[in-house]
Q: 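The structure under discussion is supplied below as structure tokens; questions concerning it will follow.
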Amino acid sequence: MKCNFILILLFIPCITQAQRFSVLITEFLADPSPARGLPDAEFIELTNVSSQEINLINWKISDKSSTATIRNDILLSPGDVIILCPTSAASKFESFGRTIGLAGFPSLNNDADDIVLYDEKGNIIHAISYNLSWYKNPLKAEGGWSIEMIDTSLPCLGEENYKASEDESGGTPGKPNAVSQKLTDMQPPSVEHAYFKDSLTLIIRFTESIPYEYIHKDLIRLGDYAGSILKFENANLFLDEYIFHLSHPVTRNRIYQLTISELIDCAGNRSTNISVVSALPAPLTPGSIVINEILFNPPSGGSDYLELFNPTDTVFDLSQIYLANRSVTGEIQQVRKISEKTVLFFPGTFKLLTPDPEFVTSWYGVKYDKEIFITIPLPSFPDDKGVALLLDQFGSILDELDYSSKWHHPLLKDENGVSLEKIYPRSRNTKDNWVSAAASVKYGTPGYVNSSFRKEKSISATLETDPEIFSPDGDGYDDRVMIRYRTEKNESSGSILIYNRAGKVVKHILRNGILGSTGFYYWNGLSDENQKLPAGIYIIVLTIVTPDGSFGKVYKPVVIARKD
């Protein structure tokens, strides 16, 4: 038998593995209403900016809440553009260009959202995080206009590389972007903030995206640190934040000098020997952060502000602090978190909280400093009287200011735009410790030393416990501890608080009460909720403030021992 063999040659096109930034999100419409000339539906435009053909099968497009998958073979040649939209809107966009309707297309938030493009293996190809400022036009931010990428050669540039479309129809899906032009990125990268999440984890956030291949273990030097960096990883989708894992723990509350030998961004800009400070923040205690100045009666068109001061020698984290006020019946309300991200508050520094930094800087003639100013909506602070509160993450009160417009100088003719300043930062929030800001500083010192500031005098005090170890188990032996204090001045005010080892207040023995030169209190080992506390070490903290501004703080450990 004779057999015939046929050799069949198959040509399979070579599709290479996509790299980061090979396909870009070059346009998107998050708020299609009121429509101008585009369909009344959301879309996302992708462009292949690489030199290779790319297959989009099983690629995913996602926002913060949902993800859609491309289920078909979609080949994008270099320079090709494709429009992604909901399945129901696909027919409306087909006249604009090549279109794919996706089931489960992510619903983009009008004001702010993330858009992330993944390849079939789950690798991030491009990610952006937009908000209303990306429009660079408040009228177009009202709806009906897409946001377009300006220069596809600078995918790391972020917000600076996007703006509202200038096409009269409201956008250019499937066509060259109306805002397209060549940009120049000459700004070298730097560090936005650095902090220790815990004793073995360092977080560094950069001012822009830093490619992963430019990060290495020897990049960072920590002054006064004997350990080393073991490994690192991305902290988010945008390559602007990294996590560094340390070999040995750092010391809490010690300020470390970080030196970064070299940073290179996507545009090739280079920075060398960047120096920043960082710390592992300490737990918050009452009085650790104080309200130092308040503007509650701004001029017409202006905004309130609240200034905080760290009078201690300790570093704290502002993301653990909340603002609030009280209702007319005394309930805590309008609680606002100061920051979603960790912001270190270093000793002897100020933070200025306001919804309108531009007003504050222009009205009071002060310089805007991103390290001081924090843009945040404030609770309501009435013009006549009100309450400003600082709370920790557990709801404990760190500071409370029960202010009144009657605290202003009696000869002041116009209170509009005049702030109240604290004289002695650590002293009580009473009328005699607050005064109108001076005319010489335009009636306000937001973010800077108060015009009325007076240096406080220190006061010595002692704490003793008897016994040092007690067992509150009801057996009649050492069921409570006596806390005895002694201070050099009489008629002081003060607080005695009990903290657990996590830094949380578990018992208020005395809240801003009057202290004699000596005295004592008893503690039975119960919490403020009359719950039995577990065995372990607790810290007694005595804080003393005198009418003349003298201040003292004393710490004393005590141990609860239990048989069970």
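In this text the structure is predicted, and so the values were computed from the model without any measurement.
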Q: Would you name the heavy atoms of Ala164 and Val179 that are closest together and state the gap between them?
A: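 For Ala164 versus Val179, the nearest heavy atoms are O-CG1, 3.4 Å.
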
Q: To check you understand the geometry: which heavy-atom pair defines the closest contact between Gly223 and Tyr256, and what is its length?
A: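 Closest pair (atom of Gly223, atom of Tyr256, distance): O-CD2, 3.2 Å.
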
Q: Treating Tyr130 as the side-chain partner and Ala30 as the backbone partner, does any N or O pair qualify as donor plus acceptor under 3.5 Å?
A: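 Answer holds: no.
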
Q: For Lys337, does the NZ atom sit with more than 12 other heavy atoms under 6.0 Å from it, leaving out its own atoms?
A: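 Yes, NZ of Lys337 has more than 12 neighbouring heavy atoms, counting only those of other groups under 6.0 Å.
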
Q: With respect to Tyr118, which candidate in Ile61, Leu237, Thr69, Ile125 satisfies the side chain to side chain contact (heavy atoms under 4.5 Å, CB included) definition?
A: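 For Tyr118, the side chain to side chain contact (heavy atoms under 4.5 Å, CB included) test succeeds with only one of Ile61, Leu237, Thr69, Ile125, which is Leu237.
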
Q: Is atom CG of Asp111 surrounded by more than 12 heavy atoms (other residues, nucleotides or ligands) closer than 6.0 Å?
A: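 Yes, because the 6.0 Å sphere around CG of Asp111 holds more than 12 heavy atoms from other groups.
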
Q: Are any of the side-chain heavy atoms of Phe373 and Lys367 separated by less than 4.5 Å?
A: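 They are not in contact (no side-chain heavy atoms under 4.5 Å apart), so the answer is no.
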
Q: Would Phe296 and Tyr403 count as a close aromatic pair, with their ring centres under 6.0 Å?
A: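 Between Phe296 and Tyr403, the centre distance is under 6.0 Å.
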
Q: If you count heavy atoms of other groups shown closer than 6.0 angstrom to CD of Glu160, is the number above 12?
A: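 Atom CD in Glu160 is not packed in, count stays at 12 or less.
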
Q: Rounded at 0.5 Å granularity, tell me how far CG in Asp31 sits from NZ in Lys140.
A: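 Spacing of CG (Asp31) from NZ (Lys140) equals 14.0 Å.
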
Q: Flag the pair Glu27 / Val81 as yes when at least one side-chain heavy-atom distance between them is below 4.5 Å, and no otherwise.
A: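 In short, these two side chains do not touch, never coming nearer than 4.5 Å.
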
Q: Taking the side chain as everything from C-beta on, heavy atoms only, tell me whether Ile397 gets closer than 4.5 Å to Pro286.
A: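 In short, these two side chains do not touch, never coming nearer than 4.5 Å.
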
Q: Any donor and acceptor pair, going by atom type alone, linking the side chain of Ser278 with main-chain N or O of Ala194 inside 3.5 Å?
A: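 Yes, because the side chain of Ser278 sits within donor-acceptor range (under 3.5 Å) of the backbone of Ala194.
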
Q: Between atom CG of Asp113 and atom NZ of Lys64, what is the distance when rounded to the nearest 0.5 Å?
A: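 Going from the CG atom of Asp113 to the NZ atom of Lys64 covers 6.0 Å.
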
Q: Of all heavy-atom pairs between Gly302 and Pro298, which one has the smallest distance, and what is that distance?
A: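 Closest approach of Gly302 to Pro298: C-CB, 3.8 Å.
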
Q: For Tyr424 and Lys422, work out which heavy atoms get closest and say how close.
A: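 So the two residues come closest at O-CE, 3.5 Å.
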
Q: Would the number of heavy atoms belonging to other residues, nucleotides or ligands and lying under 6.0 Å from CD of Glu262 be above 12?
A: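 Atom CD in Glu262 is packed in, count exceeds 12.
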
Q: Determine, stepwise, if the pair Thr47 / Met149 fulfils side-chain contact (heavy atoms from CB on, under 4.5 Å).
A: CA-CA 11 Å; Thr47 302; Met149 179 179 273; over 6 Å; no

Q: Nearest 0.5 Å, what's the CD1-CD1 distance between Ile243 and Ile229?
A: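 These two atoms lie 12.5 Å from each other.
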
Q: So do the side chains of Ser451 and Glu293 get within less than 4.5 Å of each other, counting heavy atoms only?
A: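 A side-chain contact is absent here, since even the closest heavy-atom pair is not under 4.5 Å.
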
Q: Quick one: pull up OH in Tyr499 and CG in Leu284 and give me the separation to the nearest 0.5 Å.
A: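 Taking OH in Tyr499 and CG in Leu284, the distance rounds to 9.0 Å.
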
Q: Mind listing the closest non-hydrogen atom pair of Leu323 and Leu306 along with its distance?
A: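 Shortest heavy-atom contact: CD2-CD2, 3.9 Å.
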
Q: Between Tyr538 and Asn500, is there a side-chain heavy-atom distance shorter than 4.5 Å?
A: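 They are in side-chain contact.
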
Q: Compute the ring centroids of Phe238 and Phe206, then answer whether they are less than 6.0 Å apart.
A: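 No; Phe206 has its ring centre 6.0 Å or more from that of Phe238.
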
Q: For a 4.5 angstrom cut-off between non-hydrogen side-chain atoms, does His508 reach Ser495?
A: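 Side chain of His508 against side chain of Ser495, heavy atoms only: no contact under 4.5 Å found.
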
Q: For Phe350, run the side chain to side chain contact (heavy atoms under 4.5 Å, CB included) check against Val449, Asp369, Thr445 and tell me which one passes.
A: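 Of Val449, Asp369, Thr445, side chain to side chain contact (heavy atoms under 4.5 Å, CB included) with Phe350 is met by Val449 alone.
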
Q: At what distance, to the nearest 0.5 angstrom, does CG of Leu542 lie from CD1 of Ile544?
A: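 Answer for the CG-CD1 pair, Leu542 versus Ile544, is 4.0 Å.
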
Q: Can you confirm whether Trp134 is buried at CH2, in the sense that more than 12 heavy atoms of other residues, nucleotides or ligands lie under 6.0 Å from that atom?
A: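 More than 12 within 6.0 Å, yes.
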
Q: Measuring only between side-chain heavy atoms, which start at C-beta, is Glu241 closer than 4.5 Å to Ile203?
A: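 Sidechains of Ile203 and Glu241: in contact.
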
Q: Can you tell me if Ser165 uses its side chain to pair, donor with acceptor, with the backbone of Glu148 under 3.5 Å?
A: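 Here the side-chain-to-backbone pair does not exist.
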
Q: Side-chain contact test, heavy atoms from C-beta onward, threshold under 4.5 Å: evaluate it for Ile540 versus Ile498 and give yes or no.
A: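 Sidechains of Ile498 and Ile540: in contact.
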
Q: Atom CG of Leu258 and atom CD1 of Ile220: how far apart are they, to the nearest 0.5 Å?
A: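 One finds 6.5 Å between CG of Leu258 and CD1 of Ile220.
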
Q: Would you say the side-chain atoms of Asp151 pair up with the backbone N or O of Leu183, donor to acceptor, closer than 3.5 Å?
A: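 Such a contact is found between Asp151 side chain and Leu183 backbone.
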
Q: Closest heavy-atom contact between Phe316 and Pro281?
A: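 Nearest heavy atoms, Phe316 then Pro281: C-CB, 3.8 Å.
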
Q: Okay, side chain of Lys136, backbone of Tyr162: is any donor-acceptor separation there less than 3.5 Å?
A: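 A pair under 3.5 Å: yes.
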
Q: Indicate whether any N or O donor in one side chain lies under 3.5 Å from an N or O acceptor in the other, for Asn310 and Thr312.
A: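 The criterion, which ignores hydrogens and geometry beyond distance, is satisfied for Thr312 and Asn310.
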
Q: Is it the case that the side chain of Asp317 and the backbone of Ser319 share a donor-acceptor pair, with hydrogens and angles ignored and the cut-off at 3.5 Å?
A: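 Yes; at least one donor-acceptor contact below 3.5 Å.
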
Q: So, for Tyr448 and Tyr364, is the gap between ring centers shorter than 6.0 Å?
A: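 Ring centroids of Tyr448 and Tyr364 are no less than 6.0 Å from each other.
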
Q: With no hydrogens and no angle check, do the side chains of Asn429 and Asp399 hold a donor and an acceptor under 3.5 Å apart?
A: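 Asn429 vs Asp399: donor-acceptor pair found between side chains.
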
Q: Does a sphere of radius 6.0 Å around NE2 in His248 hold more than 12 heavy atoms from other residues, nucleotides or ligands, not counting ones at 6.0 Å or beyond?
A: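 Result for NE2/His248: open.
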
Q: Between Lys182 and Ser153, is any side-chain donor less than 3.5 angstrom from a side-chain acceptor?
A: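 The criterion, which ignores hydrogens and geometry beyond distance, is satisfied for Ser153 and Lys182.
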
Q: What do the steps show when you test Glu421 against Glu307 for side-chain contact (heavy atoms from CB on, under 4.5 Å), and what is the final call?
A: CA-CA 9 Å; Glu421 296 180 333; Glu307 180 190 81; over 6 Å; no

Q: Determine whether Arg336 and Leu378 satisfy the following criterion, side-chain contact (heavy atoms from CB on, under 4.5 Å), listing intermediate values before the conclusion.
A: CA-CA 7 Å; Arg336 308 274 193 272; Leu378 298 177; over 6 Å; no

Q: Can you tell which of Ile264, Asp265, Ile260 makes a side chain to side chain contact (heavy atoms under 4.5 Å, CB included) with Pro189?
A: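 Only one option passes, and that is Asp265.
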
Q: Hey, mind stepping through Phe244 and Leu222 against side-chain contact (heavy atoms from CB on, under 4.5 Å) and telling me if it holds?
A: CA-CA 12 Å; Phe244 298 87; Leu222 282 175; over 6 Å; no

